[in-house]
Amino acid sequence: MKVLVIGAGNMGLAYAESIAKSEHLKKGDLMISDNAPEKTQELRKISHFAVYDDIADCAPLADIIFIAVKPYHIDELFGKLKKHMVEDQIVISIMAGVTIKTIQDQLNIRKVVRAMPNLPAQVGKGLTSFTASDEVSRLELSTVESLLDTTGRSVRLDSENDIDASTGISGSGPAYVFYFMQSMLEAALDMGFSDYDSKVLVSTTFEGAIELFKRNKLSPEKWMDKVASKGGTTRAALDSMEDNNVKDLIKEAAYAAFNRAVELGKES
C-alpha cells in the first residue's frame, strides 16, 4: 500500500509523521507533496517519506490520498489532480466543509472519506471524526481507521452533517480550551504571578481536571458540585460565570463553527 499526503501544513505533516512512526507502511511507501519550494526543501531533510514537488509524479502511485489543504485551494488543486487520479483510489479529505459529493464530482472518483481532525493530532492526542461514501468497503474503512488512529483516536460518524457538527465540538474545540486558558493566564498575571508560575498553575489545573473526568463516570456538573461549597470561593466564580451567561456563549460559539462548516460546504 502506498499513501500520499498532499499539503505539508500543520495537519498534513502531523498525519505524515504519525503514519511514518506507526510502521504501517514500508519506507518509501509514504509520500508527501507540497507546492511551496521552501517547504519541500525542509521536508527532504526528513528521511521518513518520499517528497514530491509535482503531484503528477506521485498521485498515480498512491492507493490512498490524504488531501490536507485549505478549502480555498481546492479549485487549483483539483484542476491539477483530476487527470492523475486512478480508479479505486481512496481520497481522505480533511478540508473543513468540502462535501464528499464535491470531491467525487471534481475528481471523478467514488471512494471518498471525509474526516475532521483537531490540532492535538500533532502530539498523538488528536480526535478525528470521519464518514465515508458507500463505495468504500468495510476492509478499506478498517485500513483508513488504522491510519487515522495514528494521530490519536478516530470516531466513525453516520453522516456529513455529523462531521460538520463535530467541527464545532472537537475540530475547533481546542481553540475554545486555549481561549479559556488564556483568560486564566491573564488573570494569574494580573494577580502578580510570574509567567512561569502562571503557566504551571493553569496547565496543571487543566491536566488534573481532565484526568479526573476521564477516570470517573461523574458529569462535569457533578465535579463542579464537588469542588464548589456553598458560600465558598469556587461557588463565587461559578455564580459569576452563570450571571454572565458564559455557558450559553460557549454553546453559541460551537454552533457558530458548525454553521460555518455548513456554509463552506455550500460554497464548495
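Sequential numbering from 1 along the given sequence is applied to the chain's residues. Everything numeric here is computed off the predicted structure, so don't read it as measured data.
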Task: Approximate separation, where rounding is to 0.5 Å, of Leu127 CG and Leu119 CG - done: 13.0 Å

Task: Chi angles and distances behind the side-chain hydrogen bond (donor to acceptor under 3.5 Å, both in side chains) call for Thr102, Thr99 - done: CA-CA 5 Å; Thr102 295; Thr99 65; 2.8 Å; yes

- [ ] Say whether, by atom type as modelled, one donor and one acceptor occur between the side chain of Ser172 and the main chain of Thr167 under 3.5 angstrom.
- [x] yes

- [ ] Find out whether Asp225 and Val227 are in side-chain contact, i.e. whether some heavy atom of one side chain is under 4.5 Å from a heavy atom of the other.
- [x] no

Open item on the list: Applying a strict under-4.5 Å side-chain criterion to I, L, V, M, F, W and Y, I'd like to know whether Leu157 and Ile100 cluster together.
Closed with: no

Task: Greater than 12 external heavy atoms within 6.0 Å of Arg110's CZ - done: yes

Open item on the list: Measuring from atom CD of Glu76 to atom CG of Asn35, what distance do you get when rounded to the nearest 0.5 angstrom?
Closed with: 6.5 Å

Open item on the list: Check this for me: Phe178, atom CZ, are more than 12 non-hydrogen atoms of other residues, nucleotides or ligands nearer than 6.0 Å?
Closed with: no

Open item on the list: Checking Val155 against Thr128 for the side-chain contact (heavy atoms from CB on, under 4.5 Å) test, could you report, in this order, the C-alpha distance in whole Å, the side-chain angles of both residues, the deciding distance, and whether it holds?
Closed with: CA-CA 6 Å; Val155 178; Thr128 302; over 6 Å; no

Open item on the list: Between the side chains of Arg156 and Asp162, is the shortest nitrogen-to-carboxylate-oxygen separation below 4.0 Å, so that they form an ion pair?
Closed with: no

Task: Arg44 with Asp53: basic N within carboxylate O range, under 4.0 Å - done: yes

Task: Pair Ile94-Tyr15, side-chain contact (heavy atoms from CB on, under 4.5 Å): steps then yes or no - done: CA-CA 11 Å; Ile94 59 174; Tyr15 272 106; 4.2 Å; yes

Open item on the list: Please check: side-chain N/O of Asn259 versus main-chain N/O of Tyr255, any donor-acceptor pairing under 3.5 Å?
Closed with: yes

- [ ] Tell me, with the steps shown, if Leu218 and Lys226 meet side-chain contact (heavy atoms from CB on, under 4.5 Å).
- [x] CA-CA 10 Å; Leu218 292 180; Lys226 279 185 173 290; 3.3 Å; yes

Task: Any side-chain heavy-atom pair of Lys82 and Gln106 under 4.5 Å - done: no

Open item on the list: Please tell me whether Ser137 and Glu140 have a donor and an acceptor in their side chains that are separated by less than 3.5 angstrom.
Closed with: yes

Open item on the list: Is a donor from one side chain sitting under 3.5 angstrom from an acceptor on the other, for Ser170 and Asn118?
Closed with: no

- [ ] Inspect the contact between Glu211 and Arg215 and indicate whether a charged nitrogen and a carboxylate oxygen are less than 4.0 angstrom apart.
- [x] yes

Task: Lys125 side chain near Thr151 side chain, heavy-atom distance below 4.5 Å - done: no

TODO: Indicate the atoms forming the closest heavy-atom contact of Pro71 with Ala96, along with that distance.
DONE: CG-O, 3.4 Å

Task: Spacing of Glu252 atom CD and Ile250 atom CD1 [to the nearest 0.5 Å] - done: 10.5 Å

Task: Glu87, CD: over 12 other non-hydrogen atoms inside 6.0 angstrom - done: no

TODO: Work out which heavy atom in Asp164 is nearest to a heavy atom in Ala261; give both atom names and the distance.
DONE: OD1-CB, 3.6 Å

Task: Note, Ser219 side chain near Lys222 side chain (heavy atom, < 4.5 Å) - done: yes

TODO: Keeping the roles fixed (side chain from Asp34, backbone from Ala36), state whether a donor-acceptor pair exists under 3.5 Å.
DONE: yes

Task: Ion pair Asp63/Lys2, N-O distance below 4.0 Å - done: no

TODO: Taking all heavy atoms of Val69 and all of Met95, pick out the closest pair and write down the distance.
DONE: O-CG, 3.1 Å

- [ ] Please say whether more than 12 non-hydrogen atoms of neighbouring residues, nucleotides or ligands are located less than 6.0 Å from CG in Asp134.
- [x] no

Task: Side-chain touch Val112/Val136, heavy atoms, less than 4.5 angstrom - done: no

Task: Side-chain heavy atoms of Ser33 within contact of Leu4, under 4.5 Å - done: yes

- [ ] Compare every heavy atom of Ile90 with every heavy atom of Val113, then report the nearest pair and how far apart it is.
- [x] CG2-CG2, 4.2 Å

Open item on the list: Looking at every non-hydrogen atom in both residues, tell me the closest pair between Ser203 and Met181 and how far apart they are.
Closed with: CA-CE, 4.3 Å

Task: Euclidean distance, Leu61 CG relative to Asp29 CG, rounded to 0.5 Å - done: 10.0 Å

Task: Expected output: side-chain Thr204 to main-chain Leu201 donor-acceptor under 3.5 Å - done: no

Open item on the list: Tell me whether Leu25 shares a hydrophobic cluster with Ile92, the cluster being built from Ile, Leu, Val, Met, Phe, Trp, Tyr side chains joined at under 4.5 Å.
Closed with: yes

Open item on the list: Would you say Ile32 ends up clustered with Leu148 if hydrophobic residues are merged whenever their side chains have heavy atoms under 4.5 Å apart, either directly or through other cluster members?
Closed with: yes

- [ ] Look at the side chain of Ser93 and the backbone N and O of Arg114, then say whether any donor-acceptor pair between them is shorter than 3.5 Å.
- [x] no

Open item on the list: Using a 6.0 Å cut-off, check whether atom OH of Tyr176 has over 12 heavy atoms from anything other than its own residue.
Closed with: yes

Open item on the list: Tyr52 vs Ile6, test: side-chain contact (heavy atoms from CB on, under 4.5 Å). Steps then yes/no.
Closed with: CA-CA 9 Å; Tyr52 292 84; Ile6 298 177; over 6 Å; no

Task: Shared hydrophobic cluster for Met184 and Ile210 (ILVMFWY, side-chain gaps under 4.5 Å) - done: no

TODO: Using a 4.5 Å cut-off on heavy atoms from C-beta on, say whether the side chain of His48 contacts that of Leu30.
DONE: no

Task: Atom pair CG/CG of Leu77 and Leu107 - distance to nearest 0.5 Å - done: 7.5 Å

TODO: Hey, could you give me the SG/CE distance between Cys58 and Met31, rounded to the nearest 0.5 Å?
DONE: 6.0 Å

Open item on the list: If the threshold is 4.0 Å, N to carboxylate O, is there a salt bridge linking Lys101 and Asp105?
Closed with: yes

Open item on the list: A quick test of your reading: do over 12 heavy atoms of other residues, nucleotides or ligands sit less than 6.0 Å from CD of Glu135?
Closed with: yes

Open item on the list: Looking only at the side chains, is there a donor atom on one of Ser18 and Thr150 sitting less than 3.5 Å from an acceptor on the other?
Closed with: no

Task: Side-chain donor/acceptor of Asp54 to backbone N/O of Ala56, under 3.5 Å - done: yes

Open item on the list: Between Leu141 and Phe130, is there a side-chain heavy-atom distance shorter than 4.5 Å?
Closed with: yes

Open item on the list: Ignoring hydrogens, what is the shortest heavy-atom contact between Arg235 and Ser229? Give both atom names and the distance.
Closed with: CB-O, 3.4 Å

- [ ] Could you tell me whether the side chain of Gln89 and the main chain of Ala59 form a donor-acceptor pair under 3.5 Å?
- [x] yes

TODO: Look at the side-chain heavy atoms of Ile, Leu, Val, Met, Phe, Trp and Tyr, link any pair under 4.5 Å apart, and say whether Phe258 and Leu264 land in one connected group.
DONE: no

